[in-house]
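Everything on this sheet refers to the single structure shown next.
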Amino acid sequence: MLQRIQTIWTFLAVLAAVSLFLTGQDATVFGSIPVVNIGCITLVLVGLLSVFSYKNRKRQILLNTISIIINVLLIGVLTYWLLNLSGGIQFPEKGIEPVFPLIAVICLLIANIYIRRDERLVKSVDRLR
């Protein structure tokens with residue numbers, strides 16, 4: 001059942017994490033600790049685990065919620081990084097790194113809506129038996 005709509009939304013969130021990994025190489029927040037890279041790798045792994053656990057919808061919702069929390073933390077870290085750069089915050093001069101976790105949060109929220117809709121549909125069919 002990889003062709004479901006929530007799988008597409010979750011996969012788009014994984015692509016946003018990969019894009020952040022590729023563009024966020026220069027984001028150093030806490031010295032030499034690669035916080036953004038570790039967060040991106042975690043998001044990709046959790047997202048792929050969520051995509052391939054399509055038989056267990058409750059696990060999918062839990063994994064997507066964990067991904068949303070990690071993305072919100074990454075938004076905070078990247079915003080802190082942008083505000084501490086010299087020259088203020090101007091998007092043509094600065095990176096677009098905080099946009100990728102925001103896109104991922106939106107995609108994961110939409111995926112959770114569709115997963116809950118599937119769960120309600122399965123429960124309604126079970127009641128008819």
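No experiment lies behind these values; they were computed from the predicted model shown. Keep in mind that the numbers below use all heavy atoms, side chains included, and drop hydrogens, waters and symmetry copies.
- Under the 4.5 Å side-chain contact rule for hydrophobic residues, V46 and L49 share a cluster.
- R57 has no carboxylate O lying under 4.0 Å from a charged side-chain N of D118, or vice versa, which leaves the two without a salt bridge.
- Taken to the nearest 0.5 Å, the CG atom of N71 stands 4.5 Å off from the CG atom of L43.
- A side chain to side chain contact (heavy atoms under 4.5 Å, CB included) with I70 holds for exactly one of I68, I66, V72; it is I66.
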- Going through the distances and angles, do C40 and V36 end up as a side-chain contact (heavy atoms from CB on, under 4.5 Å)? CA-CA 6 Å; C40 291; V36 176; 4.1 Å; yes

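- Connection of L82 to I33 is established within a shared hydrophobic cluster, with ILVMFWY side chains joined at heavy-atom distances below 4.5 Å, either directly or through further cluster members.
- For the atom pair OG of S53 and CG of L62, the computed distance is 9.5 Å after rounding to the nearest 0.5 Å.
- From L63, atom CG reaches atom CG of L48 across 11.0 Å, with rounding to the nearest 0.5 Å.
- Between E119 and I61, the closest side-chain pair of non-hydrogen atoms is not below 4.5 Å.
- The CG atom of L78 lies 11.0 Å from the CG atom of L73; values are rounded to the nearest 0.5 Å.
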Give every donor-acceptor pair under 3.5 Å between a side-chain atom in residues 102-114 and any protein atom, sequence neighbours left out.
{"residue": "N112", "atom": "OD1", "partner": "N64", "partner atom": "ND2", "Å": "3.1"}

- Would you sort out whether I96 and F100 count as a side-chain contact (heavy atoms from CB on, under 4.5 Å), showing the intermediate values? CA-CA 8 Å; I96 59 167; F100 293 122; 3.9 Å; yes

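- Taking each heavy atom of Y54 and Q60 in turn, the nearest pair found is CA-NE2, 3.8 Å.
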What side-chain donor-acceptor pairs closer than 3.5 Å can you find for residues 9-22, not counting sequence neighbours?
{"residue": "T10", "atom": "OG1", "partner": "Q6", "partner atom": "O", "Å": "2.8"}
{"residue": "S19", "atom": "OG", "partner": "L15", "partner atom": "O", "Å": "2.9"}

